[in-house]
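Data block below; observations after.
Proteins come first, then strands; the chains are lettered A, B, ... in the order of their sequence lines, and each starts at number 1. Quick caveat: nothing in here was measured; it's all calculated off a predicted structure.
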Protein chains: 2
Amino acid sequence: MTAESRADHRPSAAPPLTERQEARRRRILDASARLAARGGFDAVQMREVAEAAGVALGTLYRYFPSKIHLLVATMQDQLQHLHTTLRKRPPAGAAPAKRVAETLMRAFRALQREPQLADAMVRALTFADRSVSPEVDTVSRLTTAIILDAMGAEQPTPEQLSAVRVIEHTWHSALITWLSGRASIAQVKIDIETVCRLIDLTSPEHATTR
Amino acid sequence: MTAESRADHRPSAAPPLTERQEARRRRILDASARLAARGGFDAVQMREVAEAAGVALGTLYRYFPSKIHLLVATMQDQLQHLHTTLRKRPPAGAAPAKRVAETLMRAFRALQREPQLADAMVRALTFADRSVSPEVDTVSRLTTAIILDAMGAEQPTPEQLSAVRVIEHTWHSALITWLSGRASIAQVKIDIETVCRLIDLTSPEHATTR
DNA sequence: ATCAAGTCTGTAACTTGTTCTACCTTAGCG
DNA sequence: CGCTAAGGTAGAACAAGTTACAGACTTGAT
């Protein structure tokens with residue numbers, strides 16, 4: 001994790017936006033989140049977003065080349081909020097596994113508050129094809145950063161990174177099953193706690209005690 | 001594996017189909033798989049499927065109420081093939097974790113042979129909303145059955161079931177990252193092997209040896 | 001054989017994501 | 001000031017999923 005990864009909103013070679021442009025972008029993202037929060041994925045209709053943001057349809061497409069791009073960007077935005085919020089009150093548990101599970105459940109409860117928004121963002125994320133890879137990757141790196149923060153692992157071993165990857169997989173997939181009504185919140189909690197055991201399994205400190 | 005779980009294609013209250021109807025259904029599923037194999041999710045266009053199956057558009061929609069339903073049903077179909085194939089040559093490893101990892105990697109290689117088909121099916125699966133829950137659930141149960149088969153767990157403990165759930169999460173999500181080009185096959189293998197460690201962690205036989 | 005109910009067919013219409021076009025506005029620059 | 005290029009706007013047009021509908025075709029019971 002080099003200093004480079006300052007979670008820049010946009011990938012490298014983006015020309016700097018003027019103030020008016022930055023404001024437009026913000027209005028679009030806000031409109032997107034607002035519509036998503038009301039009616040989920042389907043309610044985020046490009047014409048409506050454009051209108052709500054006070055922008056022409058063509059402009060919307062200039063800023064975000066597809067609905068999926070838009071929603072993934074919305075997710076980046078929300079995740080960034082979440083990350084800063086979480087940093088203010090770090091998890092209290094003693095063991096890394098505990099802390100990660102706690103953090104993820106906290107994030108989960110945040111999503112619960114706006115289930116429709118969560119639905120829209122997660123559906124977009126998993127539906128994204130190759131053309132959205134860079135953006136999806138950014139989201140993934142943000143998530144990884146959140147988990148590593150919770151673990152308190154400064155120099156994660158490759159093994160730990162694998163564990164984190166698996167935790168991310170579980171996190172996404174569990175979210176989906178919950179959003180589509182196929183799993184209860186309790187079930188999600190169990191799954192998260194189960195997968196977090198992998199952390200103990202791969203943490204150097206604990207290797208000596210098993 | 002109770003006698004109940006003989007993976008009925010359609011949910012309970014479906015009136016039995018006549019022979020011609022069964023044939024139509026089959027033609028539709030085959031057309032769907034054929035088109036998906038050629039061009040992935042986008043190539044499965046309802047008008048084309050209808051034409052290729054020699055059926056009117058309205059009929060297609062009577063059999064499968066949406067494109068997502070159709071593709072999820074296609075996945076059920078393919079998974080059933082896979083399950084019977086796998087049963088013929090069970091995995092050889094000694095430890096349950098090994099066997100599960102082997103089985104999943106075998107399934108994975110099967111999907112690799114038709115990456116576009118895999119793409120279409122998995123995208124549909126994760127994009128499915130509540131209206132497709134029953135069908136998605138069927139797919140999930142099939143997957144669970146395959147994993148439990150590989151574990152050789154006749155009477156899985158709740159703990160083991162949690163582990164299986166997490167493995168399924170990882171399997172789906174890893175598949176997605178591979179399909180969208182964000183992870184290599186080697187990466188997927190590592191993730192699968194990592195998550196399979198949970199099996200050793202929860203297997204009663206191994207509890208005594210650790 | 002006939003009739004009613006349920007299926008299919010062909011086709012058009014509607015919705016929403018996406019693209020295109022023709023025309024304005026703005027910002028920088030000589 | 002006046003020019004130019006990039007960025008914006010409004011609105012039409014297009015594509016594919018979905019729905020609607022009028023007219024055949026099947027099927028099963030009488």
Expressed in angstrom and rounded to an integer, what is the separation of B:Lys67 atom NZ from C:dT16 atom C1'? 14 Å
Any ion pair linking A:Arg26 and A:Glu22 (charged N to carboxylate O, less than 4.0 Å)? no
Report which part of the nucleic acid A:Phe64 touches: base, sugar-phosphate, or nothing (heavy-atom distance under 4.0 Å, all strands). nothing
Can you tell me how far C1' of D:dG7 sits from CD1 of A:Ile28, to the nearest Å? 13 Å
Among residues 53-62 of chain B, which residues get a heavy atom nearer than 4.0 Å to DNA chain C? B:Gly54, B:Val55, B:Ala56, B:Thr59, B:Arg62
Given the ring of A:Tyr61, does A:Lys67 sit roughly above its face, with NZ or CZ under 6.0 Å from the centre of the six-membered ring and within 45° of the axis? no
Please state how far atom CZ in B:Arg20 lies from atom C1' in C:dT9, giving the value in whole angstrom units. 12 Å
Would you give the length of the straight line joining atom CD of A:Gln187 to atom CH2 of A:Trp178, rounded to the nearest 0.5 angstrom? 14.0 Å
Is B:Arg197 paired with A:Glu159 through a side-chain N to carboxylate O contact shorter than 4.0 Å? yes
I want to check a possible cation-pi pair here: A:Arg123 against B:Phe127, using under 6.0 Å from ring centre and within 45° of the ring axis as the test. yes
B:Val49 near the nucleic acid: base, sugar-phosphate alone, or nothing, with a heavy-atom cut-off under 4.0 Å? nothing
Value in whole Å for how far the P atom of D:dG17 lies from CD1 of B:Ile68: 10 Å
Of the listed nucleotides (D:dG8, D:dT26, D:dG17), which one gets closest to any side-chain atom of B:Gln45? D:dG17
Can you find a side chain N or O atom of B:Gln21 that sits less than 4.0 Å from OP1 or OP2 on D:dT26? no
Which value, rounded to the nearest 0.5 Å, describes the distance between B:Thr143 atom OG1 and B:Ile167 atom CD1? 12.0 Å
Is B:Lys189 salt-bridged to B:Glu193, going by a charged N under 4.0 Å from an acidic O? yes
Touch class at under 4.0 angstrom, heavy-atom based, for A:Arg47 against every strand present: base
Round to the nearest Å and state the distance from A:Met46 atom CE to D:dC14 atom C1'. 16 Å
Starting at CD of A:Glu48 and ending at C1' of C:dT15, how long is that distance when rounded to a whole Å? 12 Å
Give the residues of residues 115-132 of chain B touching DNA chain C, defined as any heavy atom closer than 4.0 Å, sorted by residue number. none
Would you indicate what A:Ser66 reaches in the nucleic acid, counting non-hydrogen atoms under 4.0 angstrom: base, sugar-phosphate, or nothing? sugar-phosphate
Measure OH/B:Tyr63 against C1'/D:dT19 and give the value in whole Å, please. 19 Å
Could you check whether B:Glu51 pairs with B:Arg47 (Lys NZ or Arg NE/NH1/NH2 to Asp/Glu carboxylate O, under 4.0 Å)? no
Among all residues two or more places apart in sequence or in another chain, which pass the ring-ring contact (aromatic ring centres under 6.0 Å, His included) test with A:Phe64? none
Rounded distance in Å - CG (B:Asp42) to C1' (D:dA16): 10 Å
